[in-house]
**Student:** 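Shown below is the structure under consideration.
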2 protein chains.
Amino acid sequence: MSTKDVRRVPHVTIDDQAVNGRTLLAVTEVRSRAERKERTRQNLLDVTLTMISNRSLASLSLREVARAAGIVPTAFYRHFESMDALGVELVDESMRPLRQMIRDARRGRAAHGDIIKDSVAILGNQVRTHPAQFRFLSRERYGGVGAVRRAIDTELRLFTSELTVDLARLTAGADWTSDDLEMTADLMVSTMLNTVMALLEVDKRHVEDEQAILHRAERQLRLVALGMGVWHSSSG
Amino acid sequence: MSTKDVRRVPHVTIDDQAVNGRTLLAVTEVRSRAERKERTRQNLLDVTLTMISNRSLASLSLREVARAAGIVPTAFYRHFESMDALGVELVDESMRPLRQMIRDARRGRAAHGDIIKDSVAILGNQVRTHPAQFRFLSRERYGGVGAVRRAIDTELRLFTSELTVDLARLTAGADWTSDDLEMTADLMVSTMLNTVMALLEVDKRHVEDEQAILHRAERQLRLVALGMGVWHSSSG
DNA sequence: GCGTTCAGTGAACGCTCGTACACTCAATAG
DNA sequence: CTATTGAGTGTACGAGCGTTCACTGAACGC
């Protein structure tokens with residue numbers, strides 16, 4: 001019986017599962033055809049994200065991705081029209097941690113005092129937990145193909161306008177114009193993105209560096225906040 | 001006489017030259033062999049920079065670049081070991097406008113009052129004059145190959161430390177630690193880079209957008225400067 | 001003058017690439 | 001139970017890739 005014949009048998013997936021501290025093999029039959037399709041599709045997205053960590057999306061070939069996902073090149077087309085289309089889907093997928101970040105920050109804010117410290121800590125956590133997603137977004141934001149770049153830009157603009165709303169609440173008393181608010185939000189988002197990229201470039205080395213970068217981001221945001229206290233619209 | 005035979009004749013270059021408002025063809029004999037080599041080398045760098053404007057360096061093939069430069073693929077190796085090596089050289093070349101920027105800003109500062117307004121104007125001019133270089137640096141800073149990325153990072157770090165020195169002079173009276181100075185310089189450089197990327201993304205559309213982006217950058221830097229006035233080290 | 005140097009040539013190599021096409025066969029629908 | 005569907009297969013194609021190699025002939029050094 002050759003290895004090829006195995007594949008002709010009813011579909012079976014083998015997963016590693018940790019139970020009671022021991023690793024054992026669990027055989028999971030995947031019933032639905034739609035479910036199996038979704039699994040392959042997700043696998044394509046996953047392996048692409050993994051491969052992207054060292055290189056750019058443009059340098060990845062359809063064949064290479066298909067190979068890594070364990071399917072034949074032609075089967076790729078059952079899921080995506082092209083590598084570019086896969087890239088656009090990947091933007092959506094990678095934006096999830098970023099959206100989660102906003103939710104976390106807003107929930108935490110109600111609790112106690114230091115918004116900046118908390119926000120930076122949340123940023124650090126998200127980057128540490130989802131490095132591949134953030135790396136993908138950083139890499140492709142300016143370096144990528146047109147469609148992917150545009151998709152990322154749209155999402156980031158959304159992020160900035162969310163922050164603008166938050167800033168409007170915080171400065172409810174002062175005479176801030178919406179233009180000034182947006183300008184400030186943009187400055188803060190730019191600072192955070194700069195921090196993300198710095199975090200991604202050092203994560204191989206020691207944890208102290210990571211702390212130093214987060215501490216720097218904290219001080220930078222604090223500096224901006226101090227400026228906000230003195231700002232009045234005629235300043236610009 | 002075939003077109004190929006023309007190339008066997010002593011080397012001749014045909015340039016467009018504008019003289020007295022009229023365009024005429026000037027035939028320039030290039031004497032030195034070294035000089036001709038340098039010309040080809042520069043041509044390789046130039047065509048690469050041009051092609052990069054739409055795509056990433058990684059998606060450019062050696063053959064494609066050689067073809068655009070009008071030489072055979074093998075001749076490429078007379079000038080660069082690989083496309084990556086060419087990329088590293090291109091970083092050096094593209095950094096020249098950025099270095100010029102610092103010199104311009106320092107010269108202008110001695111003259112009169114508004115450092116921020118002048119610096120932002122200089123930034124705008126440099127980006128408008130050398131869009132290809134700035135686009136290359138933006139694209140490859142995070143998206144590019146390892147060697148290129150590292151080369152850009154080194155130069156940007158140098159840029160930040162130059163600015164740190166300038167800030168030290170400006171805050172001579174206050175109790176700024178070198179750590180705080182660097183943190184602030186980093187914030188400002190990050191803001192300027194963000195501005196550069198914004199400028200590059202809109203330059204196809206109207207001039208008003210460009211002015212709006214520069215105005216925003218001016219206000220952002222002013223906000224930071226205001227923060228500096230209130231800052232003291234214990235803030236961080 | 002004359003042998004040397006070396007930027008550029010052109011054919012040939014063994015790859016990988018995207019895409020086309022006809023196919024298989026388990027899951028699904030009726 | 002049977003017919004249809006559709007995710008995945010396998011072969012084949014023409015094209016482009018990086019790199020090798022032996023070469024040409026104008027510019028150069030002596």
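Chain A is the first sequence line, chain B the second, and so forth, proteins listed ahead of strands; every chain is numbered from 1. Predicted model, so just to flag it, every value in this text is computed and none were measured.
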**Student:** Residues two or more places apart in sequence or in another chain: which of them pass salt bridge (Lys or Arg N to Asp or Glu O under 4.0 Å) with A/Glu182?
**Tutor:**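 Here no residue qualifies.
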
**Student:** Which residue pairs pass the salt bridge (Lys or Arg N to Asp or Glu O under 4.0 Å) test when at least one of the two sits in residues 59-74 of chain A, sequence neighbours left out?
**Tutor:**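 Applying salt bridge (Lys or Arg N to Asp or Glu O under 4.0 Å) to every pair that reaches into residues 59-74 of chain A, excluding sequence neighbours, yields A/Arg55-A/Glu64.
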
**Student:** Could you check whether A/Asp153 pairs with A/Arg149 (Lys NZ or Arg NE/NH1/NH2 to Asp/Glu carboxylate O, under 4.0 Å)?
**Tutor:**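 No, no charged N to carboxylate O under 4.0 Å.
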
**Student:** Whole angstrom is fine here: how far is it from CD in B/Glu38 over to P in D/dA27?
**Tutor:**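 Answer to the nearest Å: 18 Å.
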
**Student:** Can you name the side chain to side chain contact (heavy atoms under 4.5 Å, CB included) partners of B/Ser190, sequence neighbours left out?
**Tutor:**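 B/Ser190 satisfies side chain to side chain contact (heavy atoms under 4.5 Å, CB included) with A/Ser190, A/Asn194 only.
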
**Student:** So which one's nearest nucleotide on DNA chain D is more toward 5', B/Leu60 or B/Ala34?
**Tutor:**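 Going by which nucleotide is closer to the 5' end, it is B/Leu60.
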
**Student:** Can you list, by residue number, the residues of residues 41-53 of chain A that have a non-hydrogen atom closer than 4.0 angstrom to DNA chain D?
**Tutor:**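 None, since no heavy atom is under 4.0 Å.
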
**Student:** Any side-chain N or O of B/Ser61 less than 4.0 Å from the OP1 or OP2 oxygen of D/dC17?
**Tutor:**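 So the side chain of B/Ser61 is within the cut-off, an N or O lying under 4.0 Å from OP1 or OP2 of D/dC17.
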
**Student:** In residues 73-91 of chain A, what residues come within less than 4.0 Å of DNA chain C, judged by heavy atoms?
**Tutor:**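 Listed by number, they are A/Pro73, A/Thr74, A/Tyr77.
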
**Student:** For residues 188-198 of chain A, which residue pairs qualify under salt bridge (Lys or Arg N to Asp or Glu O under 4.0 Å), counting only residues two or more places apart or in two chains?
**Tutor:**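 Residue pairs passing salt bridge (Lys or Arg N to Asp or Glu O under 4.0 Å), neighbours aside: none found.
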
**Student:** Without decimals, in angstroms, what is the distance between B/Arg33 CZ and C/dT5 P?
**Tutor:**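 B/Arg33 atom CZ is separated from C/dT5 atom P by 10 Å.
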
**Student:** For residues 44-51 of chain B, please give each side-chain donor-acceptor pair under 3.5 Å, one per line with the distance, not counting sequence neighbours.
**Tutor:**
{"unit_1": "B/Asp46", "atom_1": "OD1", "unit_2": "B/Gln42", "atom_2": "NE2", "d": "3.3"}
{"unit_1": "B/Thr48", "atom_1": "OG1", "unit_2": "B/Leu44", "atom_2": "O", "d": "2.7"}
{"unit_1": "B/Thr50", "atom_1": "OG1", "unit_2": "B/Asp46", "atom_2": "O", "d": "3.0"}

**Student:** For residues 63-84 of chain A, which residue pairs qualify under ring pair (Phe, Tyr, Trp, His ring centres under 6.0 Å), counting only residues two or more places apart or in two chains?
**Tutor:**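 Qualifying pairs, neighbours excluded: A/Phe76-A/Phe80.
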
**Student:** Can you measure A/Ile71 atom CD1 to D/dT9 atom P for me and round it to whole angstrom units?
**Tutor:**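 Rounding to the nearest Å, CD1 of A/Ile71 and P of D/dT9 are 7 Å apart.
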
**Student:** Grab the CZ-C1' distance between B/Arg67 and C/dG10 for me, whole Å please.
**Tutor:**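 Checked: the CZ to C1' distance equals 15 Å.
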
**Student:** Does C/dG8 have its OP1 or OP2 closer than 4.0 Å to a side-chain nitrogen or oxygen of B/Thr40?
**Tutor:**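 Yes, because at least one side-chain N or O of B/Thr40 sits under 4.0 Å from OP1 or OP2 of C/dG8.
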
**Student:** Do the non-hydrogen side-chain atoms of A/Pro97 and A/Thr129 ever get within less than 4.5 Å of each other?
**Tutor:**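 No, too far: nothing below the 4.5 Å cut-off.
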
**Student:** Starting at the 5' end of DNA chain C, which residue's closest nucleotide do you reach first, B/Lys37 or B/Arg63?
**Tutor:**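 Its nearest nucleotide lies further toward 5', so the answer is B/Lys37.
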
**Student:** Any ring pair (Phe, Tyr, Trp, His ring centres under 6.0 Å) involving residues 131-160 of chain B? Give me the pairs, sequence neighbours left out, ordered by first then second residue.
**Tutor:**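 Not a single pair qualifies under ring pair (Phe, Tyr, Trp, His ring centres under 6.0 Å).
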
**Student:** Give the rounded distance in Å between these two atoms: CZ of B/Arg36 and C1' of C/dG8.
**Tutor:**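 Distance check: B/Arg36 CZ to C/dG8 C1' gives 10 Å.
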
**Student:** What does C/dA20 pair with, Watson-Crick or G-U, if both distances are under 3.5 Å?
**Tutor:**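 By the stated definition (distances under 3.5 Å), D/dT11 pairs with C/dA20.
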
